[in-house]
Peer 1: 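Below is the structure I would like to discuss, written out as structure tokens.
All values below were derived from every heavy atom in this structure, side-chain atoms included, with hydrogens, water molecules and symmetry-related copies excluded. Nothing fancy with the numbering, it's 1 onward along the sequence.
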Amino acid sequence: ALIFTHNLSALLFTPIIVLFGLVSYFSVTISKPVLFRNITIILVAILLAWGLSAIYWLPAQAEASYVQLDQLAKVDTAGNLSPDISYVVSLTPVHQFDMDSGIWSRSRYTRLGFFQVLLGLIGVVVAIRLSPSLRLLRYEAVFHIAVWVGIFILTLGLSKPFWDAIPAIHIIQFPWRLLQFAALPTAWLAGLFIQSLNPNLAKISAIVLIPLIIISTTITLTPPRSD
């Protein structure tokens, strides 16, 4: 699905998915036959995904020499880093959009929603607090926290030396594109928080929080007007 919607996102998200799969499988003790079977299923799924999406990526690969892909590396990626956290996270409960603005202002940066980040932070605290009892989930918790924190750091100005040191990653063009990958660790951390509650409270929290997150991040979204 990512390949059909945005091939660059698929390219960037694939390593995260692979690492997540490896951490999940190798953090549990299972027999070699079961491990081999699981790895085989994953590899077959990847091959099927490549085959189903070949109609998109195969022509793109074959015709790469006819387009100006080298121009992607000329974008000043480091110049698009966010000066502070308010450019990355919505600091108000209701996310504000400014799609008609003609200037590069704070409201035009792609940001994470207030409640999304809040749940993620609570999940981090819960993961640290419960780390002695997490057992098999401990490695997954470390992985998700590392990805979550890493994404924030890589979108801020303090990560400029990293971007300057690795020219190849300039194909990303805009660091805020990495924020979309916060969905996986945020969902996991939020789920850990909900799971840590008693069953009745967990159900109520899920029923309240899911609509709250959706409404707060989309209620002010309106299509831009064209002249």
Side-chain angles (χ1 to χ4, degrees), residues 1-3 5-6 8-28 38 42 45-46 49 77 80-82 84-91 93 95 109-159 162-163 166 169 172-197 202 205-206 208-218:
L2 271 177
I3 293 176
T5 53
H6 196 248
L8 180 57
S9 295
L11 177 66
L12 299 175
F13 196 52
T14 299
I16 297 178
I17 291 295
V18 171
L19 285 175
F20 174 59
L22 291 174
V23 170
S24 299
Y25 278 112
F26 287 102
S27 62
V28 296
N38 292 340
I42 293 175
I46 292 174
T77 305
N80 288 293
L81 292 169
S82 304
D84 59 67
I85 196 67
S86 63
Y87 285 73
V88 180
V89 178
S90 180
L91 300 181
H95 192 85
Y109 278 83
T110 302
R111 294 174 293 172
L112 296 177
F114 176 83
F115 291 107
Q116 291 168 293
V117 176
L118 180 61
L119 281 175
L121 285 173
I122 295 174
V124 170
V125 173
V126 171
I128 295 174
R129 182 183 175 188
L130 299 179
S131 59
S133 59
L134 284 177
R135 295 182 182 180
L136 298 179
L137 292 178
R138 187 179 305 168
Y139 297 104
E140 289 189 34
V142 171
F143 169 80
H144 287 293
I145 292 174
V147 172
W148 200 68
V149 174
I151 287 172
F152 280 108
I153 293 176
L154 288 175
T155 58
L156 296 173
L158 58 88
S159 65
F162 174 83
W163 291 94
I166 309 177
I169 63 174
I172 296 175
Q173 295 181 298
F174 308 109
W176 46 257
R177 279 179 169 165
L178 296 175
L179 292 177
Q180 61 185 309
F181 307 131
L184 177 62
T186 301
W188 193 92
L189 292 167
L192 181 65
F193 161 60
I194 298 297
Q195 191 178 29
S196 67
L197 304 174
S205 299
V208 173
L209 289 174
I210 293 175
L212 179 64
I213 292 173
I214 295 174
I215 294 173
S216 65
T217 54
T218 60

Peer 1: Nearest 0.5 Å please: distance from the CG atom of Leu189 over to the CD1 atom of Ile194.
Peer 2: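 Rounded to the nearest 0.5 Å, the CG-CD1 separation comes out at 12.0 Å.
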Peer 1: Under the side-chain hydrogen bond (donor to acceptor under 3.5 Å, both in side chains) rule, what pairs show up with a residue in residues 144-154, not counting sequence neighbours?
Peer 2: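 Sorted result for residues 144-154: Trp148-Thr186.
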Peer 1: Test your reading of the model: is there a side-chain donor-acceptor pair from Trp163 to the backbone of Leu154, 3.5 Å cut-off?
Peer 2: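 Pair found, side chain donor or acceptor close to backbone of Leu154.
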Peer 1: Closest heavy-atom contact between Leu130 and Ser196?
Peer 2: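 Distance-wise, the nearest heavy atoms are CD1-CB, 4.1 Å.
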Peer 1: Ile122: which residues meet the side chain to side chain contact (heavy atoms under 4.5 Å, CB included) condition with it, sequence neighbours left out?
Peer 2: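 Testing Ile122 for side chain to side chain contact (heavy atoms under 4.5 Å, CB included), a comparison that skips the adjacent residues, returns Leu118, Val126, Phe193.
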Peer 1: Passes side-chain contact (heavy atoms from CB on, under 4.5 Å), Phe152 versus Val117? Steps please.
Peer 2: CA-CA 11 Å; Phe152 280 108; Val117 176; 4.2 Å; yes
Peer 1: Which distance, rounded to the nearest 0.5 Å, do you find between the OG of Ser216 and the CG of Leu209?
Peer 2: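 Rounded to the nearest 0.5 Å, the OG-CG separation comes to 10.0 Å.
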Peer 1: Indicate the atoms forming the closest heavy-atom contact of Ala182 with Ile151, along with that distance.
Peer 2: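 Looking at all heavy atoms of both residues, the closest pair is N-CD1, 3.5 Å.
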Peer 1: Would you compute the distance between atom CD1 of Ile16 and atom CG of Leu178 and round it to the nearest 0.5 angstrom?
Peer 2: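 Taking CD1 in Ile16 and CG in Leu178, the distance rounds to 7.5 Å.
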Peer 1: Heavy atoms only: give me the nearest Pro175-Thr155 pair and the separation to one decimal.
Peer 2: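 Closest pair (atom of Pro175, atom of Thr155, distance): O-CG2, 3.4 Å.
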Peer 1: Using every non-hydrogen atom in the two residues, find where Ala127 and Ala141 come nearest and quote the distance to one decimal.
Peer 2: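 Closest approach of Ala127 to Ala141: CB-CB, 4.2 Å.
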Peer 1: Please list, chain by chain and in numerical order, all residues satisfying side chain to side chain contact (heavy atoms under 4.5 Å, CB included) with Ile213, sequence neighbours excluded.
Peer 2: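 Applying side chain to side chain contact (heavy atoms under 4.5 Å, CB included) to Ile213 gives Phe115, Gln116, Leu119.
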Peer 1: Kindly compute the distance separating OG (Ser205) from CG (Leu197), expressed to the nearest 0.5 Å.
Peer 2: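 Separation between the atoms: 5.0 Å.
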Peer 1: Could you point out which residue of Val124, Val147, Ile145 forms a side chain to side chain contact (heavy atoms under 4.5 Å, CB included) with Pro185?
Peer 2: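 Single pass found, and it is Val147.
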